Protein chains: 2
Amino acid sequence: MLTLYSWNVNGLRAVHRKGIFLDWLARTQPDILCLQETKCRPDQLSEDVLHPPGYYTYWAVSERPGYSGVALYCKQPPLSVQVGLGLPDFDREGRTLVADFGDFTLVNAYFPNGSRDHSRLPFKMQYNADFLDTIENLRQGGQSVIFCGDVNTAHQPIDLARPRQNMNATGFMPIEREWIDRVVERGYLDTYRTLYPDTTGAYTWWAQVTFSRQKNVGWRLDYFFISPDLRPRVMDAAIHPDVLGSDHCPVSLTLAIETDDQ
Amino acid sequence: MLTLYSWNVNGLRAVHRKGIFLDWLARTQPDILCLQETKCRPDQLSEDVLHPPGYYTYWAVSERPGYSGVALYCKQPPLSVQVGLGLPDFDREGRTLVADFGDFTLVNAYFPNGSRDHSRLPFKMQYNADFLDTIENLRQGGQSVIFCGDVNTAHQPIDLARPRQNMNATGFMPIEREWIDRVVERGYLDTYRTLYPDTTGAYTWWAQVTFSRQKNVGWRLDYFFISPDLRPRVMDAAIHPDVLGSDHCPVSLTLAIETDDQ
DNA sequence: CATTCAATG
DNA sequence: CATTCAATG
């Protein structure tokens, strides 16, 4: 059994400083943990966060200090890890890690935010397009694919509290949602929604400005998608809104795959 | 009897937030208070700081947000207040207030910092030169002059804890100290040093980086200077190192001048 | 080290 | 609102 978690931490140093990160990690013990918005270089971290007992860690860093960044924590080292998509425009922002675990290739991604004024929407849609090309190439190479992270888009009206008010807000615009349609058309499964097609109020992000978390006025922006061949292995998919410390909460996926744990 | 205080607060909002400023003001009740490094526009302040009971307030603001800025709090309104020296290069940094109190003209100034790499030394020396011209013009117009504030220069070796190590550091370079020599040659009196010519360890600023305040490794950078005609009125000059909340402490001057207080 | 601001989300 | 950085002192 393999447990995978994904969490946009909104600053790894901040969630560590609050005394939350290592506690949660020690308690949860995911086999694989994907972080987004780490907002740091590894050399800015203390040893306890950089190398928690039992974990290998991998880092994608933005050229711009304090911005973006993703990390991978895992109990077994991948066969290989690729930092970035191989596309400098995106890779300089530290958005992507691709890890080959043998049974599957895992892509941990912090998808671009379209920006309130929509100025980064073209950049986001280009990332999304190139991202889909990348994972399709992996599948054509015979790999099973899992991708997770902050997709920065709610797919359907059920995936946010105020769908009608946000039709023209980045994160729920038709063009953004259609990209997820395309992902699903290619056969990828939104694991949480596949298991819980009708569950409402299932969100992973809440705006801090409006204190919307206490009212659960949120969005489901964080996902675990799998290629369809992995469907028989899915044991559970979950959202963990009780885990505080960021404006996002973690999401998880449990697979029926043996680990080498002794 | 008239009590004047001068204090570089290193951010008025910060010293207010710490609960120090209004407490200190209510307890001390200076007739006149000159602040430097207010680092704010008046509209960024709450009413209680902007208009404490019994005080008129006047503001010089930098064009650059959060930088520099001086303020004048006084129980009796001046006959006139001039914001700036009339020199745009300096006035755009909100460094100077000139207030005519009838008995004397008070100039509240935040003299430029020469910058660690000495890059602002020419700017500082030009400000100092133009400042001296300004107060000399006031005297030639028949006024008694008081000037106070953060002069950003220690005059003599007795005025800092480590004179030999700082001969080439801005704040104690020969060229900076010679400007104070010139002020003294014109007859102005450094009120504190006039009353206490041999007192050592009398500092008004301590570097935060090195926690030097607890060791009293400091500099005397804040002064009340007076034109010589006011000498007979001087009752006391003091330094108040126990007042916390900034990296500078307040300094004060007490004059034998009647106030209109009922 | 401490203050403030700007960018970003 | 919260995180991080940069400039300044």
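Chain identifiers are assigned alphabetically (A, B, ...) following the order of the sequence lines, protein sequences preceding nucleic acid strands; residue numbering begins at 1 within each chain. Please read these numbers as outputs of a predicted model, since none were measured by experiment.
- In secondary-structure terms, DNA chain D builds stems of at least 3 consecutive Watson-Crick or G-U pairs, each pair having both distances under 3.5 Å, at C:1-4 with D:6-9, C:6-9 with D:1-4.
- Taking the centre of each ring, F131(A) and F147(A) come in below the 6.0 Å mark.
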Let me see the working for L106(A) and C148(A) under side-chain contact (heavy atoms from CB on, under 4.5 Å), right down to the final yes or no.
-> CA-CA 8 Å; L106(A) 172 68; C148(A) 70; 4.2 Å; yes
Produce a footprint string for nucleotides 3-9 of chain D: one letter per nucleotide, 5' end first; B if the base is under 4.0 Å from any protein heavy atom, S if only the sugar-phosphate is, - if neither.
-> SSSSSSB
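- Looking at S62(B), its side chain does come within 3.5 Å of a backbone N or O of R64(B) through a donor-acceptor pair.
- Within the 3.5 Å criterion, the main-chain N or O of T199(A) finds a donor-acceptor partner in the side chain of R193(A).
- Environment of CZ in R27(A): crowded, with over 12 heavy atoms of neighbouring residues, nucleotides or ligands closer than 6.0 Å.
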When you look at Y127(A) and T96(A), which way does the side chain to side chain donor-acceptor pair (under 3.5 Å) test go after all the steps?
-> CA-CA 10 Å; Y127(A) 180 92; T96(A) 329; 2.8 Å; yes
Would R177(A) and D159(A) satisfy salt bridge (Lys or Arg N to Asp or Glu O under 4.0 Å), going step by step from the backbone distance to the final call?
-> CA-CA 11 Å; R177(A) 300 171 56 195; D159(A) 295 316; over 6 Å; no
